[in-house]
Amino acid sequence: MDIKILFPDSKEISFPSGTTAAEAVKAWSGDTLPHWVAVKINKQPVDLSYPIQGDARVEGIDIASTEGLSILRHSISHVMAQAVQDVFPGAKVSIGPSIEDGFYYDFEYKEPFTVDDFDKIEKRMKEIVAADNPFIREELPRASAVKLFEERSENYKVELINDLPEDIKVVSIYKQGGYIDLCRGPHIPSTGIIKAFKLLSVAGAYWRGNEKNQMLQRIYGTGFANENELQDYLTLLEEAKKRDHRRLGRELDLFQVNEEAGAGLIIFHPKGMMLRYLIEDWEKKEHLKRGYDMVMGPQILKADLWKKSGHFDHYRDNMYFTEVDEQDYGIKPMNCLSHMLIYKSKIRSYRDLPLRYFELGTVHRHEKTGVLHGLLRVRQFTQDDAHILCTPEQLNSEIIAIADFVKYAMKIFGFEYEVELSTRPENSIGSDADWELATSALENALKDNNISYEVNEGDGAFYGPKIDFKLKDVLKRKWQCATIQCDFTLPERFDLHYIGADGEKHRPVMLHRVILGSIERFIGVLIEHYAGAFPVWLSPTQCILLTVTDKHIPYAQTVHDRLIEAGIRSERYFDNEKLGYKIRQAQMQKIPYMLVIGDKEVEAGTVAPRSRDGKNMGSIAVDEFINMIKDQCEKKQ
RNA sequence: GCCGAUGUAGCUCAGCCGGUAGAGCAACUGAUUCGUAAUCAGUAGGUCACCAGUUCGAUUCUGGUCAUCGGCUCCA
């Protein structure tokens, strides 16, 4: 019986049923296979060796496409698993998927792998690639598959099969050379297709991502269609390292983390603090424009209050406690409690709502040692925090206003971001009805605003669901900055109310929200985002005066005085060095403008600005320069 | 917290099989007074993360602690 196959160019060809995808594609393309690593049969990705049984539409998966690369990398992970088992007999395999930019495979082995083992593993992988072994797919009944992997002592694979839903009766395995893996596929036709790969790092990873389980050893690697692309990627990684905020923080003298002071505690140097001041100053003004009131609570509050709020029961492990006059106090990990007390300080009318309390609140959280990371994950940080107390009717418009605020702020700094909706976690307080109400309030606001988002099941705060806005760091790790959390529970626990138009008491709803999130984290991401070359309005130093020789110092000093007087962040560099050297130093400090002062400038009473992108602006009047800087600050450039 | 790696001058790194340490850059001093990404010379700088142990002797070997890095779990 013949089947009809429709190809991408709309050509339709008949083949005998059971013709493989590869044969069909060859017949269509004229004996040579295009750069396809697999195909889609009726939208379903399958191997090139797949026998086509009925009428079908065939599309190619090019090795250069996202999907193709992902298949290639997944196949490389199998080759790596084979190599690891060849080099380290007894190593057990578990899972090995492709991921963004590469792949990994998790193993159990009696000895730890180190990067020094990579040479041996890569060498063996190259042999496997050279052998050009085909990837052979086989399907077998569950029971046989279990038996197969039991015989091979692959207990992780057995566990995976046993945990499959009951209606799955047949599983697929892939063989290449002597290696067998449980796998859905598809794979590249044979190992010889692999042209460029590299093992990158080794790390521990819990089996199935659960910290109660056995820790396995994960080897990360990457692969590309050709050597050039691999080299480009490795170069990119090197470049990314140069943007790392921890490195730039030191080079630009912004901050330090000091072992003597303690882990996860940031010490801001003058330039880092200036950057922080500029951000905070901008933010305060933006909040006042949007109807927020600035407030401030204490750093420690009695433990009983934390018990009342539920933090003691649900957040204690992350809190620090202290004792004052034989009374227990909790150091605040969040700013909400004081804000609740401010609300409660008098009777509120529905006419007062919404109330928006804003605080640059410094909080302490006990983070596990292994998670600390530069400015991005610390133990003390300051949130641009606000709590909005409003009527249920006001909820939607308040959420939308916050989402707009976030959008505006991100645009000022030029950030792209992803949005996630996080729902009720296991360890939480409040009624099902309230959670449902809160979650749908957030979800509706997103939908009303046409904001695309992903749902993050069970990732909400213990008191309410949240909308998270995530920024990416230079190594593509995502960090939550802005968040909006909807809370029906704390107003309940603190018995907040307002008098409605009907003269009755009603319960307000509370929104917790941050725009930049943690100022520390935001600065960390910001440093990487700008690669340390901050726009003029944020640069701790906006310009630096470079004298050509010592005799230009007196005039340069008068220029400096004028700039400082005008509110420009100017620095002097009057050292006895050649101009070229000073320019190089200023360039490495990424200062937006270097002002060269030589004979010409002294004579004409001007400055000669050179921007950090190398443009020479010639001699201009000092006032002209001042106005230019002010204009750029105004425009947030 | 877990797995692995690492910790030597301000920074980047050398330092073999145990005999108390070096380079480049930065810093400081002097000379030079110079026009758009590195002038020359000299000087100084280290409880080799910390604490034990083995040893005649430990930066080196062993154990512990602390910190950092890459992940995992967790999270702003």
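Order of the sequence lines sets the chain letters (A, B, ...), proteins ahead of strands, with each chain counted from 1.
We find that CD of E426(A) is positioned 16 Å from C1' of rC75(B), with the value rounded to whole Å. Note: CZ (F462(A)) to C1' (rC75(B)) measures 14 Å, nearest angstrom. In this structure, the CD atom of E100(A) is 13 Å from the P atom of rG71(B), given to the nearest Å. To the nearest angstrom, P of rC75(B) lies 12 Å from OH of Y463(A).
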Look for any protein N or O under 3.5 Å of an N or O in nucleotides 33-40 of chain B and output each such pair with its distance, or none.
from: rU33(B); atom 1: O2; to: D550(A); atom 2: N; distance (Å): 3.1
from: rU33(B); atom 1: N3; to: D550(A); atom 2: OD2; distance (Å): 2.8
from: rU33(B); atom 1: O4; to: D550(A); atom 2: OD2; distance (Å): 2.8
from: rU33(B); atom 1: O4; to: N576(A); atom 2: ND2; distance (Å): 3.1
from: rC34(B); atom 1: N4; to: N576(A); atom 2: OD1; distance (Å): 2.7
from: rG35(B); atom 1: O6; to: D599(A); atom 2: N; distance (Å): 2.6
from: rG35(B); atom 1: O6; to: K600(A); atom 2: N; distance (Å): 2.9
from: rG35(B); atom 1: N1; to: E601(A); atom 2: OE1; distance (Å): 2.8
from: rG35(B); atom 1: N2; to: E601(A); atom 2: OE1; distance (Å): 3.4
from: rG35(B); atom 1: N2; to: E601(A); atom 2: OE2; distance (Å): 3.2
from: rU36(B); atom 1: O2; to: R610(A); atom 2: NE; distance (Å): 2.7
from: rU36(B); atom 1: N3; to: N616(A); atom 2: ND2; distance (Å): 3.2
from: rA37(B); atom 1: OP2; to: R610(A); atom 2: NH2; distance (Å): 3.3
from: rA37(B); atom 1: N6; to: Q587(A); atom 2: NE2; distance (Å): 3.4
from: rA38(B); atom 1: N9; to: R584(A); atom 2: NE; distance (Å): 3.4
from: rA38(B); atom 1: N7; to: R584(A); atom 2: NE; distance (Å): 3.2
from: rA38(B); atom 1: N7; to: R584(A); atom 2: NH1; distance (Å): 3.0
from: rA38(B); atom 1: N7; to: R584(A); atom 2: NH2; distance (Å): 3.4
from: rA38(B); atom 1: N6; to: R584(A); atom 2: NH2; distance (Å): 2.3
from: rA38(B); atom 1: N1; to: R584(A); atom 2: NH2; distance (Å): 2.9

Distances under 3.5 Å between nitrogen or oxygen atoms of protein and nucleotides 61-69 of chain B:
from: rC69(B); atom 1: OP1; to: R246(A); atom 2: NH1; distance (Å): 2.9

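rC72(B) and rG19(B): their P atoms are spaced 41 Å apart (whole Å). To the nearest whole angstrom, the two P atoms, one in rG18(B) and one in rG63(B), are 16 Å apart.
Without hydrogens or angle criteria, Q85(A) side chain to A91(A) main chain gives a donor-acceptor distance under 3.5 Å.
The environment of NZ in K470(A) is crowded: more than 12 heavy-atom neighbours from other residues, nucleotides or ligands sit within 6.0 Å.
Toward the 5' end of RNA chain B, the nearer of the two residues R377(A) and S201(A), judged by each one's closest nucleotide, is S201(A). Comparing Y573(A) and E520(A) by the nucleotide of RNA chain B that holds the closest heavy atom to each, the one mapping nearer the 5' end is Y573(A).
A donor-acceptor contact closer than 3.5 angstrom links the side chains of Q485(A) and Y463(A). Side-chain polar atoms of Y573(A) and Q585(A) form no donor-acceptor pair below 3.5 angstrom.
The cationic group of R316(A) lies under 6.0 Å from the six-membered ring centre of F312(A) and within 45° of the ring axis, placing it in a cation-pi geometry. Relative to the six-membered ring of Y408(A), R290(A) meets both conditions, a distance below 6.0 Å and an angle of at most 45° to the axis.
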Working for salt bridge (Lys or Arg N to Asp or Glu O under 4.0 Å), residues K600(A) and E603(A)
CA-CA 5 Å; K600(A) 265 187 288 179; E603(A) 215 164 290; over 6 Å; no
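Across all strands shown, V115(A) has no heavy atoms under 4.0 Å from either base or sugar-phosphate atoms. At the heavy-atom level, Y220(A) lies under 4.0 Å from the strands shown only through sugar-phosphate atoms.
In RNA chain B, consecutive stretches of 3 or more Watson-Crick or G-U wobble pairs with both distances under 3.5 Å are given as paired ranges: B:1-7 with B:66-72, B:10-13 with B:22-25, B:27-31 with B:39-43, B:49-53 with B:61-65.
The base of rG71(B) has none of its N or O atoms less than 3.5 Å from a complementary donor or acceptor on the side chain of Y206(A).
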